[in-house]
Participant: 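Attaching a single structure in structure tokens format; questions to follow.
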Amino acid sequence: MNSRLINWFKFSSPATYYPLAGRLVPLFSVIALVLIGVGLYMSFFIAPTDYKQGEGYRIIFVHVPAAWMSMFIYVVMAVWSGLGLVFNTRLSAMMAKALAPTGAMFAFLALWTGAFWGKPMWGAWWVWDARLTSELILLFLYIGFIALQGAIDDPRRADRAGAILALVGVVNIPIIYFSVKWWNTLHQGASVSITKGSSMGQVMLWTMLIMTLGFWAYSIAVSLARVRSIILERERDTTWVSELPEVRG
Amino acid sequence: MLEIVDLECVRGDRRLFSGLAFSLESGELLHLHGHNGSGKTTLMRAICGLIRPTAGEVQWNGTDIRRLGEEFNRELAYVGHRNGIKDDLTGVENLRISCVLDGIAVSEAKAWDALEQMGLKGCEDLPVRVLSQGQKRRVSLARLLLHASPLWILDEPFTALDKAAVGFLQTVIRSHVERAGMVILTTHQEVSLTRGQVKQLQLGWKGDGDV
Amino acid sequence: MFEAFLIIVRRDITLAMRRRSDLFTTLFFFVIVVSLFPLGIGPEMNTLRLIAPGVVWVAALLASMLALERLFAADFEDGTLEQMLLVPQPLSLLVLGKVTAHWLVTGLPLAIVAPLLGLQYDLSPEALGVLVVSLLLGTPALSLIGAIGAALTLGLRGGGVLVSLLVLPLCIPVLIFGAGAVEANVSGLGEQGHLSMLGALLVLSLLFSPLAASAALRISAE
């Protein structure tokens with residue numbers, strides 16, 4: 001084992017990770033605030049009005065990054081889960097558990113903004129479009145993960161059962177996406193193409209990128225804060241927790 | 001040889017034991033003591049590999065049983081709290097299925113014979129559902145007569161058994177130890193052995209782990 | 001090794017035959033759900049013909065969810081599952097045996113009665129044939145995927161509802177290609193593509209889900 005690997009495992013101990021996460025949370029919160037602020041300003045005031053879709057299209061600056069994040073977070077969750085199963089590290093499972101609500105929130109946000117966008121565009125709140133349908137199924141997968149973890153009392157069993165579910169889910173996501181797409185093309189439903197359609201200008205692309213980075217920073221900040229409270233709850237009987245200033249005070 | 005190295009088990013919020021270490025050679029019997037909830041069952045299930053310990057390992061002839069996987073199961077016979085038999089099947093069916101799963105070829109006649117030895121003459125082909133608690137226990141224990149595995153882990157094997165059955169099971173255990181087998185058991189009965197060594201392990205107080 | 005697989009299949013079928021009432025609940029649930037739709041929608045034959053593939057398939061999906069809860073629960077309670085974890089056989093093989101038996105007593109009957117139900121919806125004989133084939137390919141995949149959920153939720157409070165919550169989203173591809181095959185036949189597009197996809201899904205789930213389910217069982221049996 002080289003020294004780099006040992007170093008990694010050092011941070012996989014909750015006692016060393018807890019203060020590190022504590023230092024990172026404010027940092028990423030500020031980054032998130034700045035980036036999302038700039039991104040929103042750009043999407044409302046700098047990005048030009050779309051000649052075909054008018055002002056309503058501006059919601060894609062939230063919709064698309066949220067959809068990306070919801071998918072990306074599920075993959076990250078599955079990676080943490082896999083690491084937790086292989087190396088039997090407690091922290092990996094805690095990270096997966098901390099990420100799930102954020103991912104579910106982004107999936108919900110993507111659906112909601114999608115509905116808001118759909119109403120003026122097609123006159124319907126909900127269109128059975130391949131992407132929206134897949135996003136809905138992704139939300140179901142998140143809910144299943146959270147419900148399973150909630151139903152199991154023993155944290156170690158909850159972690160490992162959740163990990164298996166996340167891995168099964170991540171294998172299934174491409175299959176689900178592909179089958180929904182197949183289903184959609186056969187039924188010739190309304191094809192909602194949000195990113196395509198109108199040629200995206202340079203400004204729009206930048207705005208979307210900044211929003212995405214902002215969402216990234218937000219996800220990191222929130223999940224680190226959440227993992228800190230999970231660590232406190234799980235390790236409440238250990239001496240290092242009882243010696244923390246915030247616990248003693 | 002079975003070796004327990006620095007074993008720690010946590011159930012829920014409670015640390016049942018930690019730093020537990022002992023070893024068991026062939027021809028030895030380990031009698032586990034401890035009050036209710038001291039972790040006897042957990043320890044036995046951890047030795048079987050049913051429970052993943054939070055720290056430490058269980059070694060069989062020097063190899064971690066996690067690495068041995070199913071190979072270790074060949075060395076092992078476990079009788080738990082639950083009988084592990086199907087109520088809707090007969091005693092003979094139960095016994096034969098369990099032997100096939102264990103990879104032992106057992107003829108119908110041999111299965112009947114084992115059940116008869118366990119004092120179940122006349123009940124061999126009744127669905128287990130209609131038997132009494134003690135008789136069900138006997139069906140479950142009949143496996144031990146047919147198994148060749150060296151390590152027996154018996155969690156309260158004498159519960160629900162009558163005096164005759166307790167006596168018979170004791171001789172079975174005794175002869176297994178004499179044939180260089182290993183036994184780990186919990187019970188409130190005294191187990192008398194003619195040969196071999198009986199170790200005692202008390203769970204449930206600080207500094208345990210001494211045999 | 002193969003002997004162990006066979007004995008598990010035989011054991012579970014014997015058990016199911018000695019408790020036949022369980023067997024029929026799933027089947028009747030399927031029949032009743034399919035028969036309810038015309039009552040809710042109206043007896044218009046053109047509409048019914050249109051929705052038939054979807055209705056039969058959704059009902060089959062729900063019926064197999066209903067049966068899942070029992071897949072490992074009885075073995076868990078009487079301790080035979082514990083013994084199964086301790087035998088010198090690959091656990092995934094035993095899981096595969098249990099799923100096979102489970103499918104033979106719950107999934108296969110659905111495929112057999114499906115043509116009768118299809119008649120209620122005025123499907124052509126050819127479409128009925130496709131329906132049966134699609135169910136024969138699809139329901140084993142449902143049982144296999146469901147086994148993972150059943151293993152994960154073993155012994156939990158409210159496990160029955162939870163298992164549907166976990167498994168239904170994962171079953172969507174099977175539903176899409178299963179119902180799609182019949183629909184494609186009805187609309188004259190040819191069902192080949194859909195059926196091949198169903199077959200592929202079945203092969204995939206045969207490869208992976210016994211492994212995932214046995215890992216889940218080890219966790220749940222702790």
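Quick note on labels: first sequence line is chain A, next is B, and so on, each numbered from 1.
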Participant: What do you reckon, is CG of B:Asn36 surrounded by more than 12 foreign heavy atoms closer than 6.0 Å?
Facilitator: no

Participant: When rounded to the nearest 0.5 angstrom, what distance separates OG in B:Ser98 from CG in C:Leu86?
Facilitator: 11.5 Å

Participant: With respect to chain B, which residue among C:Arg11, C:Arg10, C:Met84 yields the maximal number of heavy-atom pairs within a distance under 4.5 Å?
Facilitator: C:Arg11

Participant: Is the closest basic N to carboxylate O distance between C:Asp78 and B:Lys86 below 4.0 Å?
Facilitator: yes

Participant: Donor-acceptor check, side chain of C:Glu222 to backbone of B:Arg52, threshold 3.5 angstrom: yes or no?
Facilitator: yes

Participant: Give a yes or no on whether B:Arg129 atom CZ has more than 12 heavy-atom contacts from other residues, nucleotides or ligands under 6.0 Å away.
Facilitator: yes

Participant: Specify which of B:Glu75, B:Arg143, B:His81, B:Arg96 makes the most heavy-atom pairs with chain C at under 4.5 Å.
Facilitator: B:Arg143

Participant: Using only atom types and a distance under 3.5 Å, with no angle test, would you say the side chain of C:Arg218 pairs donor to acceptor with the backbone of B:Ile51?
Facilitator: no

Participant: Kindly determine whether B:Asp88 and C:Leu15 satisfy side-chain contact (heavy atoms from CB on, under 4.5 Å), including the steps that lead there.
Facilitator: CA-CA 6 Å; B:Asp88 285 331; C:Leu15 286 171; 3.6 Å; yes

Participant: Can you tell me which portion of C:Leu6 sits under 4.5 Å from chain B's heavy atoms? Options are side chain, backbone, both or neither.
Facilitator: neither

Participant: With a 4.5 angstrom heavy-atom cut-off, is it the side chain or the backbone of B:Leu50 that approaches chain C, or both, or neither?
Facilitator: both

Participant: Can you find a heavy atom in the side chain of B:Leu89 that is under 4.5 Å from one in the side chain of C:Arg18?
Facilitator: yes

Participant: Does C:Phe208 CZ have over 12 foreign heavy atoms under 6.0 Å away?
Facilitator: no

Participant: Does any heavy atom of chain B fall under 4.5 Å from the side chain of C:Ile7, the backbone, both, or neither of them?
Facilitator: side chain

Participant: If you count heavy-atom pairs under 4.5 Å with chain B, which of C:Glu3, C:Glu82, C:Glu77 comes out on top?
Facilitator: C:Glu82

Participant: Is it the backbone or the side chain of B:Arg74 that comes under 4.5 Å from a heavy atom of chain C, or both, or neither?
Facilitator: both

Participant: For the interface with chain C, which of B:Gly84, B:Pro127, B:Ser149, B:Gly49 has the highest count of heavy-atom pairs at distances below 4.5 Å?
Facilitator: B:Gly84

Participant: Does any heavy atom of chain B fall under 4.5 Å from the side chain of C:Gln83, the backbone, both, or neither of them?
Facilitator: side chain

Participant: Between C:Leu81 and chain B, with a heavy-atom cut-off of 4.5 Å, which part of the residue counts as in contact: side chain, backbone, both or neither?
Facilitator: neither

Participant: Does B:Leu101 reach the side chain of C:Ile8, with side-chain heavy atoms less than 4.5 Å apart?
Facilitator: yes

